[in-house]
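Heavy-atom basis, side chains included; hydrogens, waters and symmetry copies ignored. Small disclaimer: the values here were computed from a predicted structure and weren't measured.
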Amino acid sequence: MGVVAEAWLKRFSWLGLVLAVLIGLTSMLVLKNRAKKAGQQAADSPAGPAEEPDAVPAAD
């Protein structure tokens, strides 16, 4: 029974690895696409891209 379980677990671990890689690639592409759309919307807005606020000096 241990031989059968070992073969099943080995197959399952490879499937898990492939699934994790596919989920990672998919999420990367989705986030990249959303960031691209957000950048285009910021550039197309009438105010233009958001400016960074002035630095605030640290209190001693």
Does CD in Glu6 sit with more than 12 non-hydrogen atoms of other residues, nucleotides or ligands closer than 6.0 Å?
no
Cluster check Leu29, Val21: I/L/V/M/F/W/Y, side chain < 4.5 angstrom:
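Yes, same cluster.
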Given side-chain contact (heavy atoms from CB on, under 4.5 Å), test Gln41 with Asp44 step by step and report yes or no.
CA-CA 5 Å; Gln41 286 179 352; Asp44 292 343; 5.8 Å; no
Measuring from Phe12:CZ to Leu17:CG, what's the distance to the nearest 0.5 Å?
12.0 Å
